[in-house]
**Q** 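This structure is in C-alpha cells; I'll ask about it shortly.
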2 protein chains.
Amino acid sequence: MYNILVVDDDKEIAGAIEIYLKNQNYNVFKAYDGEEALEIFKREEIHLVLMDIMMPKMDGTQATMKIRENSSVPILFLSAKSEDVDKILGLNIGADDYITKPFNPLELLARVNSNLRRCTSYSNGSALKNDVIRIGGVELNDLTKEVTVDEEPIRTPPLEYKILFLLMKNPNRVFSIDEIYEKVWQEPAYNPDTVTVHIRRIREKIEINPREPKYLKVVWGIGYKFEG
Amino acid sequence: MYNILVVDDDKEIAGAIEIYLKNQNYNVFKAYDGEEALEIFKREEIHLVLMDIMMPKMDGTQATMKIRENSSVPILFLSAKSEDVDKILGLNIGADDYITKPFNPLELLARVNSNLRRCTSYSNGSALKNDVIRIGGVELNDLTKEVTVDEEPIRTPPLEYKILFLLMKNPNRVFSIDEIYEKVWQEPAYNPDTVTVHIRRIREKIEINPREPKYLKVVWGIGYKFEG
DNA sequence: ATAAATCTTACAAATTTCTTAAGAAACTAG
DNA sequence: CTAGTTTCTTAAGAAATTTGTAAGATTTAT
C-alpha cells in the first residue's frame with residue numbers, strides 16, 4: 001500500500017485526484033499549500049508526491065526543492081499553465097514528471113503507476129510488500145520462495161510451499177482437503193491422505209508443538225485453515 | 001557522454017530527433033524497427049531509449065519487453081496515437097515516460113534530461129553505480145563485463161556471465177531453470193541440463209565449496225537464486 | 001461405545017539436482 | 001586457412017530431496 005501526497009490549493013481538484021487514487025488502492029494525504037506539504041512529508045512515509053505549481057505561501061517549485069534536500073521520492077508536477085518553459089523548469093528542479101491540467105484521470109494514474117514502479121521494482125534487493133505475507137511469526141516471501149518462522153528460515157519443498165501459500169494468502173478461510181488437493185496439485189482430488197501428510201509436515205516445521213497447532217488448525221469435518 | 005538509441009521507422013522523425021539530441025551533445029544510435037533496436041542495444045552501451053510504438057516487424061511494446069528482460073535502462077515512448085489506452089499500455093510494460101507526436105523539441109529534451117538524470121545522478125565519472133553489482137564478495141561490473149570474487153578476477157564466458165548477471169540483478173529472487181534458459185538464450189527452453197551445467201561451472205568459480213554454495217543456491221523443485 | 005475423521009510414522013517410489021566427461025562448435029592467433 | 005584454445009552441449013549415472021502410500025494410533029462427534 002503506497003502513500004501518495006497530493007498538494008493542490010484547489011480543494012476540488014485535490015478531492016478528485018484523491019478519489020481516483022483511492023480507487024486504485026493508494027493511500028492519500030492532502031495538503032493545500034507547500035508548507036503544509038512539507039509538514040506532512042516529514043511526518044508520514046510518503047512514496048510519491050503530486051504537486052501543483054501555483055499555490056499560496058510556498059509554491060510547488062520551492063516545496064520540491066525543500067523535499068529534494070533530503071529525499072529522492074518521485075515528485076510529479078501538476079499545472080494549469082501548459083507552456084513548455086514551465087515543463088522544463090519543473091523537470092530541472094528535481095521533478096520526475098509533469099502533467100498539464102486539465103488532465104485525463106487515466107493518464108494521471110498511468111504516470112503515478114509508472115513512477116512508483118520505477119522506484120520499487122527495479123530497485124534490487126528487498127522484495128515488494130505485495131510478495132510477502134506475514135502472519136504471527138510466520139513470514140512467506142513469494143519472490144524468494146523463502147519461509148521464516150520467528151525469523152528462522154525453514155525448508156519448504158514445492159508442494160508444502162504451495163499449500164502454505166494457499167492457506168496464508170487466505171487466512172482464516174477453511175479449505176477442505178479436496179479443495180487443497182485440486183488447487184495445489186491442479187488435478188481432481190485423488191488421495192486425501194497425501195494432503196494430510198503434507199499438512200503434518202508443514203506443522204512440524206512451523207509449529208512449536210505440532211500436536212497443538214497455533215497456526216495451521218483443523219476444522220473438524222470441514223478442512224484446514226491458517227489462523228491469523 | 002550519453003548514448004541514446006532512437007527507434008522510429010519514420011526516418012524523417014528519427015533524423016530530426018537525432019539533430020536535437022546531437023545539439024545537446026548526446027551520442028545517437030538509430031534503429032528503424034524493433035529487431036534492429038535489439039541488435040544495437042546488445043552491441044552498444046545505451047543509456048536511454050526513445051521508442052516509437054508503431055513499427056514494422058517488431059513493434060515498440062514488444063521491443064520494450066525484450067529489453068526489460070535484462071536491463072532497466074530508461075525507455076521513453078513516442079507515439080502518434082494520443083489515446084490514453086496506449087499510454088497506459090506503454091507505461092505498464094516497463095516504459096518510463098511517454099511523449100505524443102507531434103512533440104515539442106524542448107519537451108522532448110526536458111524529458112530525456114529528466115530521465116537520464118534520475119538514473120545516473122550518482123555517476124562518479126567512470127563506471128556508473130548502476131552498472132556495478134556487488135553481493136558479498138562477488139562483484140560484477142556490467143560495463144567491463146568483469147567479475148571479481150574477493151577482489152580476484154575470474155573468467156566468465158558469455159553465457160555464464162549472462163546467467164550470473166540475471167541472478168545478481170535480482171538477488172534472492174528464484175528463477176526456474178526454464179526461466180533462466182528463456183531469458184539468457186532468448187529462445188524457448190530446450191535442454192535444462194545445459195543450464196544445470198553452467199550453474200555448476202559458475203559455482204566452481206565463485207564458491208569456496210561448490211557443493212555447499214554460499215551464494216548461488218538451489219531452491220528444490222523451483223529453481224536457483226543468488227542469495228544476498 | 002462406535003464410527004468417522006484426523007494424526008503419526010516409516011519406508012518405498014519418483015523426481016530433481018549434481019557431477020563428470022567427451023565430443024561439437026565457436027573463437028583466436030599465427 | 002589452420003591449429004590451438006576456449007566455450008557449449010549432450011548424456012548418463014550418482015546423489016540428494018521430495019512425494020506417495022499404507023497401516024496403526026489417536027481424537028472427535030454422536
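Within every chain, numbering begins at 1; the chains are lettered A, B, ... in the order of the sequence lines, protein sequences first and strands thereafter. Here the structure is a predicted model, which is why all the values come from computation and not from measurement.
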**Q** Out of A/Ile177, A/Val219, A/Ile202, which one pairs with A/Tyr224 under the side-chain contact (heavy atoms from CB on, under 4.5 Å) rule?
**A**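 The option that passes is A/Ile177.
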**Q** In whole angstrom, give the distance that lies between atom CD1 of A/Ile199 and atom P of C/dA5.
**A**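 Spelled out: CD1 on A/Ile199 to P on C/dA5 is 17 Å.
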**Q** D/dT19, OP1 or OP2 - any side-chain N/O from B/Trp220 closer than 4.0 Å?
**A**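 Result: no.
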**Q** Go through the steps for B/Asp52 and B/Val7 under the test side chain to side chain contact (heavy atoms under 4.5 Å, CB included), then give the verdict.
**A** CA-CA 6 Å; B/Asp52 187 27; B/Val7 192; 5.7 Å; no
**Q** Looking only at side-chain N and O atoms, does B/Asn191 come under 4.0 Å of OP1 or OP2 in D/dT10?
**A**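 True: B/Asn191 side-chain N/O within range (under 4.0 Å) of D/dT10 OP1/OP2.
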**Q** A/Lys217 has an atom NZ; how far is it from atom C1' of C/dA5, in whole Å?
**A**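 Nearest whole value for this atom pair: 19 Å.
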**Q** In whole Å, what is the span from the CH2 atom of A/Trp185 to the C1' atom of D/dT18?
**A**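 Taking atom C1' of D/dT18 as the reference, CH2 of A/Trp185 is at 12 Å.
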**Q** Using a strict threshold of under 4.0 Å (side-chain N to carboxylate O), is an ion pair present between A/Glu179 and A/Arg173?
**A**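 Salt bridge flag = yes for A/Glu179 with A/Arg173.
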**Q** Quiz question: going by heavy-atom distance under 3.5 Å, is there a donor-acceptor pair between the base of D/dT9 and the side chain of B/Arg201?
**A**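 Answer is yes: a donor-acceptor pair is held.
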**Q** Please tell me if A/Tyr224 has a side-chain N or O lying less than 4.0 Å from either OP1 or OP2 of C/dA5.
**A**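 Answer is no, no contact under 4.0 Å.
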**Q** Find which nucleotide of DNA chain C each of A/Ile222 and B/Ile222 is nearest to by heavy atoms, and output the residue with the more 5' nucleotide.
**A**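 First, find each residue's nearest nucleotide; the 5'-ward one identifies A/Ile222.
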**Q** Could you tell me the separation between the CD atom of A/Glu212 and the C1' atom of D/dT26, rounded to a whole number of Å?
**A**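 From A/Glu212 CD to D/dT26 C1': 14 Å.
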**Q** Find the distance A/Asp193:CG to C/dA10:P and express it as a whole number of Å.
**A**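 That distance rounds to 17 Å.
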**Q** Let me know, please, whether B/Tyr190 or A/Thr194 comes out on the 5' side of the other along DNA chain D by nearest nucleotide.
**A**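 Here B/Tyr190 is the residue nearer the 5' end.
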**Q** Once you round it to whole Å, what is the distance between C1' of D/dT7 and NE2 of B/His198?
**A**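 After rounding, the gap between these two atoms is 7 Å.
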**Q** Which of residues 153-181 of chain A have a heavy atom under 4.0 Å from DNA chain D?
**A**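 Correct list: A/Arg155, A/Pro157, A/Pro158, A/Leu159.
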**Q** Pick from A/Arg155, A/Arg201, A/Lys205: which one makes a side chain to side chain donor-acceptor pair (under 3.5 Å) with A/Glu160?
**A**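 That would be A/Lys205; it is the only one of A/Arg155, A/Arg201, A/Lys205 passing the side chain to side chain donor-acceptor pair (under 3.5 Å) with A/Glu160.
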**Q** So, is B/Arg211 near the phosphate of C/dT20, with a side-chain N or O under 4.0 Å from OP1 or OP2?
**A**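 Yes, B/Arg211 has a side-chain N/O under 4.0 Å of OP1/OP2 on C/dT20.
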**Q** Name the residue closer to the 5' end of DNA chain C, choosing between B/Pro213 and A/Val219 according to the nucleotide with the nearest heavy atom.
**A**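 Checking each residue's closest nucleotide, the 5'-ward one belongs to A/Val219.
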**Q** Find the distance B/Lys205:NZ to C/dT19:C1' and express it as a whole number of Å.
**A**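 Rounding to the nearest Å, NZ of B/Lys205 and C1' of C/dT19 are 16 Å apart.
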**Q** Looking at B/Arg200, does any N or O in its side chain come under 4.0 Å of the phosphate oxygens OP1/OP2 on C/dT19?
**A**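 Result: yes.
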**Q** Could A/Lys145 and B/Glu227 be called an ion pair, given the rule that one side-chain N must be under 4.0 Å from one carboxylate O?
**A**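 Salt bridge absent between A/Lys145 and B/Glu227.
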**Q** Given B/His198, which of B/Trp185, B/Tyr161, B/Tyr181 fulfils the ring-ring contact (aromatic ring centres under 6.0 Å, His included) condition?
**A**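 The single option meeting the ring-ring contact (aromatic ring centres under 6.0 Å, His included) with B/His198 is B/Trp185.
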**Q** Aromatic rings A/Tyr2 and A/Tyr26: how do their planes relate, parallel, tilted or perpendicular, breaks at 30° and 60°?
**A**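 Ring orientation, 0 to 90° scale: tilted.
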